[in-house]
Amino acid sequence: MREIADAKDLLDWYDRHARVLPWRVSPQDRARGVRPDPYRVWLSEIMLQQTTVAAVKSYYESFTSRWTTVSDLAAARDEDVMAAWAGLGYYARARNLLKCARAVASEHGGQFPADHAALLGLPGIGPYTAAAVAAIAFDLPETVVDGNVERVMARVHNDDTPLPRAKPVFTDYARALTPRDRPGDYAQAVMDLGATICTPRKPACGLCPWRKGCAAWLAGTAAELPKKAPKQRKPTRLGIAYLVRRVDGAWLLERRPDSGLLGGMLGWPGSDWSESPAEAPPIRAEWKALNGEARHTFTHFHLRLTVKTALVPMERQPQRGAFVAAEDFDPGALPTVMRKAFDLAQGK
DNA sequence: AAGACGTGGCC
DNA sequence: TGGCCAAGTCT
């Protein structure tokens, strides 16, 4: 009786089916000695946290063409990086991206450390990303455990222990399968398997290189795994956004505090977001409430944003925020919820 | 150590 | 429409 799954079978599959991704060195090139750029591996891994490949691609291209090395990025202005990240979400990633780049530049001579523990000590790098960079960039035998790997392990072992409680056990399963040979390709192979074959719904078991050794395939339970703890339902909150235009075309914007929701991002001044938000106009003006509302769903609540607009004279001073000249204003620098409010005001 | 933290695509 | 899900981390 063979082991339940075997790294070799997966690597053979990966050699034939590896996805082509902008940040990836193909297994063929890797075999010829091509090494991935640790900066690009790290950048892609941060962007891919809880984010789809499709959403990441254009951001990855723009970051790597604008900031070629980690030292370039370390020298960037905070506001430029936050603006470039706008729309990708989880903005703490962008703040930590800069902190990490600056730590690598100042404490590691501009080179990412080829060491799991040292990587783990850097801002924004947790257990998954430390293992991913160590394995993919440096071909060290570290075990990556992301959502894909959890799903694959739950199925291979037909383990119905609910997540997140099952995480330590699934990690043990994954570690036991990690090979000493080609750990970087293997890490990418398991995640590719989870992303393309061993998918959450309708897994393509007929195409799976691990089918023969998969306990869930044998039991017919693959599609029901992994089990997960029930989610809490999202409450709905209300809010008011104030879109102020000065007669010269300038917009009144406000930089949000570094911590908390949309931390460090540019946005419209507004009320609190709650069951009954209090009016909080940022400037004395005659307000016009727009018809409709900007709707947006965050991780843990739904938001219905009322948008109020006003036109103010040159000399009027705001109590909050600062005017940004029309030619300096880029709606693309706003987080999506703020851009939705802008679109509503533009009649889009 | 649960909860905070974005967004877009899919069904 | 609304819930689920996506290469998690931080507090």
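Residue numbers begin at 1 in each chain, while the letters A, B, ... track the order of the sequences.
Put simply, A:Gln49 has no side-chain N or O that comes within less than 4.0 Å of OP1 or OP2 on C:dG8. Put simply, A:Thr129 has a side-chain N or O that comes within less than 4.0 Å of OP1 or OP2 on C:dT9. Here A:His300 does not reach the OP1 or OP2 of B:dA2: none of its side-chain N or O atoms lies under 4.0 Å away. For A:Arg151 and C:dA6, the shortest distance from a side-chain N or O to OP1 or OP2 is below 4.0 Å.
Taking atom P in both B:dA4 and C:dA7, one finds a spacing of 23 Å when rounded to whole Å. Using P as the reference atom, B:dG6 and C:dT1 are 23 Å apart when rounded to the nearest Å. If you take atom C1' in B:dA1 and the same atom in C:dA6, they sit 23 Å apart, rounded to whole Å.
Among the atoms of the strands shown, base atoms are found under 4.0 Å from some heavy atom of A:Trp23.
A:Arg93 places a side-chain N or O within donor-acceptor distance of the main-chain N or O of A:Ile46, the cut-off being under 3.5 Å.
Here the side chain of A:Leu262 is nearest to one of B:dT7, B:dC5, C:dG8, namely B:dT7.
Using cut-offs of 30° and 60° on the angle between ring planes, the pair A:Tyr60 and A:Trp23 is perpendicular.
Taking atom CG of A:Leu119 as the reference point, atom P of C:dG8 lies 17 Å away to the nearest angstrom.
Nearer to the 5' terminus of DNA chain C, by closest-nucleotide assignment, is the contact made by A:Arg295 (compared with the other of A:Arg295 and A:Lys231).
With no hydrogens or angles considered, no side-chain donor-acceptor pair links A:Lys234 and A:His302 at under 3.5 Å.
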